[in-house]
Every structure is written in C-alpha cells, then in structure tokens.
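The block underneath contains the structure these notes are about, expressed in structure tokens.
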Number of protein chains: 2
Amino acid sequence: MKPSEQFHEIEQFLADRSIRLTLQRQHVVQRMVKREHFTAEEMVKDVQQTHPSIARGTVYRTLALLQENGLLEKHDFRQGAPHYELTHGRQHHDHLMCLQCGEIIEFHDDKLEAVQDRIIEEYGYQLVSHSHKLYGLCGVCQKKGKKTKKANAKPPKLRVMQSVE
Amino acid sequence: MKPSEQFHEIEQFLADRSIRLTLQRQHVVQRMVKREHFTAEEMVKDVQQTHPSIARGTVYRTLALLQENGLLEKHDFRQGAPHYELTHGRQHHDHLMCLQCGEIIEFHDDKLEAVQDRIIEEYGYQLVSHSHKLYGLCGVCQKKGKKTKKANAKPPKLRVMQSVE
DNA sequence: TCCCACTTGAGACTGAGTCTAAGGAAGAAG
DNA sequence: CTTCTTCCTTAGACTCAGTCTCAAGTGGGA
Ligand SMILES: [Mn+2]
Ligand SMILES: [Mn+2]
Ligand SMILES: [Zn+2]
Ligand SMILES: [Zn+2]
C-alpha cells in the first residue's frame with residue numbers, strides 16, 4: 001500500500017469515529033506512513049525536523065490515540081526503546097530479529113496462530129492479543145560470528161529487510 | 001524444587017565457572033529463589049529490607065551477571081517494568097497474562113516450539129531465544145467485564161497462579 | 001457570534017536504569 | 001604473612017524515556 005493511500009485510509013477511519021485529525025496529528029501520521037518500525041523519540045525528532053513547533057507531548061498523545069484505536073502496535077524488542085508500527089490494513093504478523101545486526105523479519109504462520117488459540121482455550125481465557133518474538137542470528141552474522149570469536153558488540157540498529165505477506 | 005536446593009545448584013553452577021559468589025550476591029540470590037517473578041526495583045527493595053547496605057547498582061549488576069550466564073530471564077510484559085525469573089533447572093515455558101487482573105499462567109507446548117524451529121529455519125536463522133506472550137482475559141475477569149461496562153482500571157498486579165509441567 | 005469541550009506547547013517531574021570515582025575484598029605469588 | 005592485582009562494591013550523580021500539569025489556543029455546534 002502506498003503511503004498516501006494508507007494515510008487516507010487512516011484519515012477515513014478516524015473520521016468515521018469522529019476523532020479529530022488535527023493539523024499536528026496529520027503531520028505525525030504523514031511521517032508514520034513513510035516508515036516501517038520507529039521509536040517514539042525517533043518520531044518526535046522526525047516530526048520536529050519539519051515542524052519544530054509540534055511538542056513532544058503531542059507526538060506521544062498521538063501514539064496513544066492510534067494505539068487505542070487499533071491502528072498502531074507497540075513492540076518491545078529486547079534492546080532500546082519500544083518500536084511502533086502502523087497496523088492499519090496490514091495482516092497480522094510476528095517478528096524475527098537478528099541479535100547481532102538488528103535485522104527484523106516479519107513472519108506469519110496460520111498453524112502457529114491456531115495452536116495459540118487452542119492453548120488459551122484450555123485455560124478458559126479469551127485471547128485479546130499476543131506478542132511472539134524470535135531472536136537469533138541471521139545467515140550473515142552466523143558467519144561473521146565464527147571468524148571473530150570475541151563478539152563485536154556493535155549496538156544493533158533496527159532495520160527492516162524483508163516482509164512476508 | 002526447594003529454595004535452598006535451588007540456591008545450592010546456582011552456587012554450584014557459578015563455582016564451576018569460577019564466578020565469585022560474593023556475600024552481596026548471595027543475599028540477592030537468596031531472595032530470588034524465594035520468588036517467582038520480580039522486577040529489578042522490587043528486588044532492590046526486597047534485598048535492602050534485610051541488608052540496607054547493599055547498593056542498587058550491585059543488585060542490577062547481579063541481575064546482569066545471572067542473565068549473561070543463562071540463569072535468569074527477563075520478561076517484558078506490557079505494563080510496568082520488566083520482570084525477571086530464575087530459569088536454572090526449570091523447563092522452558094512461555095506466559096499467558098490476564099490484562100485485567102494481571103494473573104500470569106505459565107505454559108509450554110512442544111508443537112509450538114517445533115513450528116518455531118521450522119519457521120526460523122526457513123529464513124536461514126539460528127534461533128537463540130524467543131519470547132511468546134499471550135494477553136487476554138481470565139474466566140473471572142470475563143464475567144466481571146460484562147457487569148461493569150466501564151473497565152475498572154485497577155493496576156494489574158502480577159501473581160503466579162498455575163504452573164504447567 | 002459565543003460557548004465549551006477538546007487539543008496543544010512548554011516545561012516540570014518521575015522512575016528505571018546507567019555510570020563514575022574512590023574505597024574494599026580476596027586470590028595468587030612470593 | 002605481605003604485597004600485588006584484579007575484581008567488586010557503595011553512594012550518589014546522571015541520563016533518558018515517558019508522564020503530568022496548566023495556561024493558552026482551537027474549532028465545531030447552538
Ligand atoms: Mn512489523
Ligand atoms: Mn514464568
Ligand atoms: Zn544479522
Ligand atoms: Zn483476570
């Protein structure tokens with residue numbers, strides 16, 4: 001889905017629920033649709049780059065608003081601040097992350113989801129959501145790891161490489 | 001496993017690797033084996049209750065030490081600070097949490113683990129660890145939710161109710 | 001046009017976690 | 001036992017992300 005297209009769908013979604021899409025919120029959402037995963041502070045900087053008058057609080061409030069309405073998901077990876085991603089029309093997916101280089105792969109598996117449902121039923125729970133993260137080493141980093149025994153502790157930088165639909 | 005027993009196994013584990021179990025570390029571990037899940041700050045308070053001279057930094061360093069050696073796991077649930085739990089001799093398990101009352105259930109499913117392995121293989125990754133959290137409503141909270149429409153936003157308190165072996 | 005509820009900007013505040021500096025154990029070697 | 005050296009600890013300052021407050025701004029409906 002093209003960014004502008006996604007923007008308009010979100011615009012529509014909010015309008016349908018009479019949630020005001022103020023100018024500030026528009027700017028924030030405009031930046032979001034151009035990114036995959038981002039942290040709150042990244043988004044603050046990003047937005048302020050072009051609109052310095054938009055306050056930090058406003059960005060955080062917008063994040064909260066979108067989350068409450070199911071348009072945005074928060075993901076706690078293991079290092080650094082939580083990452084967000086728009087979920088609007090996208091299919092549900094989980095994440096696989098390389099601990100060395102920070103590459104993130106999105107995956108989805110129906111069987112996995114089905115097993116989850118069965119498990120939760122056993123306990124009489126009603127499933128609301130879940131978070132499934134796999135951590136490991138990508139092909140590239142596995143090789144690198146063998147050469148340099150001492151872990152070259154580069155701070156993993158998050159980056160999206162591949163998306164599975 | 002009895003607390004004292006678990007303590008001694010950890011003691012042994014560290015001795016085998018010539019990792020010093022100082023008096024301070026002993027006090028921290030002694031408290032840990034008496035708990036299920038705990039946050040770092042809870043542990044600081046807990047330890048300082050009986051040993052006020054043990055610094056906050058020491059508790060954090062001990063948490064890091066145990067994590068590095070695979071004796072302790074860190075879990076990011078969605079609200080509040082991350083929780084820790086000793087994993088020493090215990091079987092691997094994942095967590096199911098009630099969003100209303102904070103009850104935590106531990107579960108394990110071989111099929112789930114197998115599917116994970118298959119998925120990660122597809123991407124040429126080598127799995128190091130994973131985090132699988134299910135969030136929902138327990139039987140009790142489902143009923144309560146129907147009565148009081150407005151969510152009674154009690155701050156969920158973590159509590160272990162049931163363990164699956 | 002006026003009102004009122006909602007939204008915002010600015011900045012203070014909080015809590016969790018990290019870092020630093022100086023002093024304190026404690027094995028190893030002599 | 002004494003010295004050396006390395007590791008460990010304390011206390012408190014510091015950082016960073018996120019939350020809260022409040023006065024001022026905004027805008028849609030009567
Ligand atoms: Mn994603
Ligand atoms: Mn557990
Ligand atoms: Zn990698
Ligand atoms: Zn419950």
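Because the structure is predicted, anything quoted here is derived from the model rather than measured.
- Rounded to the nearest 0.5 Å, atoms NE2 (His88(A)) and CD (Gln12(A)) are 9.5 Å apart.
- Comparing dG9(C), dC8(D), dG18(D) by their closest approach to the side chain of Arg20(B) singles out dC8(D).
- Put simply, NE2 on His51(B) is 17 Å from C1' on dC8(D), counting in whole angstrom units.
- Per the geometry, CD belonging to Glu41(A) stands 12 Å off C1' belonging to dT19(D), to the nearest Å.
- Evaluated for a side-chain hydrogen bond (donor to acceptor under 3.5 Å, both in side chains) with His95(A), the options His132(A), His83(A), Glu85(A) yield exactly one hit, Glu85(A).
- Per the geometry, OH belonging to Tyr60(B) stands 15 Å off C1' belonging to dG12(D), to the nearest Å.
- To the nearest angstrom, P of dC8(D) lies 15 Å from CG of Leu63(B).
- Residue contacts shown for Arg25(A) are limited to sugar-phosphate atoms, with no base heavy atom under 4.0 Å away.
- When rounded to the nearest whole Å, the span between NE2 of His27(A) and P of dT7(C) equals 17 Å.
- Checking the phosphate oxygens (OP1, OP2) of dA25(C), no side-chain nitrogen or oxygen of Gln24(B) falls inside 4.0 Å.
- With His93(A) as the fixed residue, the side-chain hydrogen bond (donor to acceptor under 3.5 Å, both in side chains) test singles out one of His108(A), Glu73(A), Glu106(A): Glu106(A).
- Distances shown here put a side-chain N or O of Thr58(B) below 4.0 Å from the OP1 or OP2 atom of dT10(D).
- In this structure, the CD atom of Gln48(B) is 9 Å from the P atom of dA11(D), given to the nearest Å.
- Using a 4.0 Å heavy-atom distance criterion, Pro52(A) is classed as making no nucleic acid contact.
- By the rule that hydrophobic residues join a cluster once side-chain heavy atoms approach within less than 4.5 Å of another member, Phe107(B) and Leu134(A) end up as members of one cluster.
- Between Lys74(B) and Ile19(A), the residue anchored closer to the 5' end of DNA chain C is Ile19(A), taking for each the nucleotide with the nearest heavy atom.
- When distances run from any side-chain atom of Thr22(B) to the nucleotides dT10(D), dC6(C), dC8(D), the shortest one goes to dC8(D).
- Here Leu23(B) lies out of heavy-atom contact (under 4.0 Å) with every strand.
- Rounding to the nearest 0.5 angstrom, the gap separating the CD atom in Gln100(B) from the SG atom in Cys138(B) is 8.5 Å.
- The side chain of Ala55(A) lies closest to dG9(C), out of dG18(D), dG9(C), dG17(C).
- Of the listed nucleotides (dA17(D), dG17(C), dT8(C)), dG17(C) has the atom at the smallest distance from the side chain of Ala40(B).
- Here the C1' atom of nucleotide dC22(D) and the CZ atom of Arg61(A) are 11 Å apart, to the nearest Å.
- Rounded to whole angstrom, the span from the CG atom of Leu21(B) across to the P atom of dA26(C) amounts to 12 Å.
- Between the side chain of Arg56(B) and the base of dG17(C), a donor-acceptor pair under 3.5 Å is found.
- Here the nucleotide nearest the side chain of Ala81(B), chosen from dG18(D), dG17(C), dT9(D), is dG17(C).
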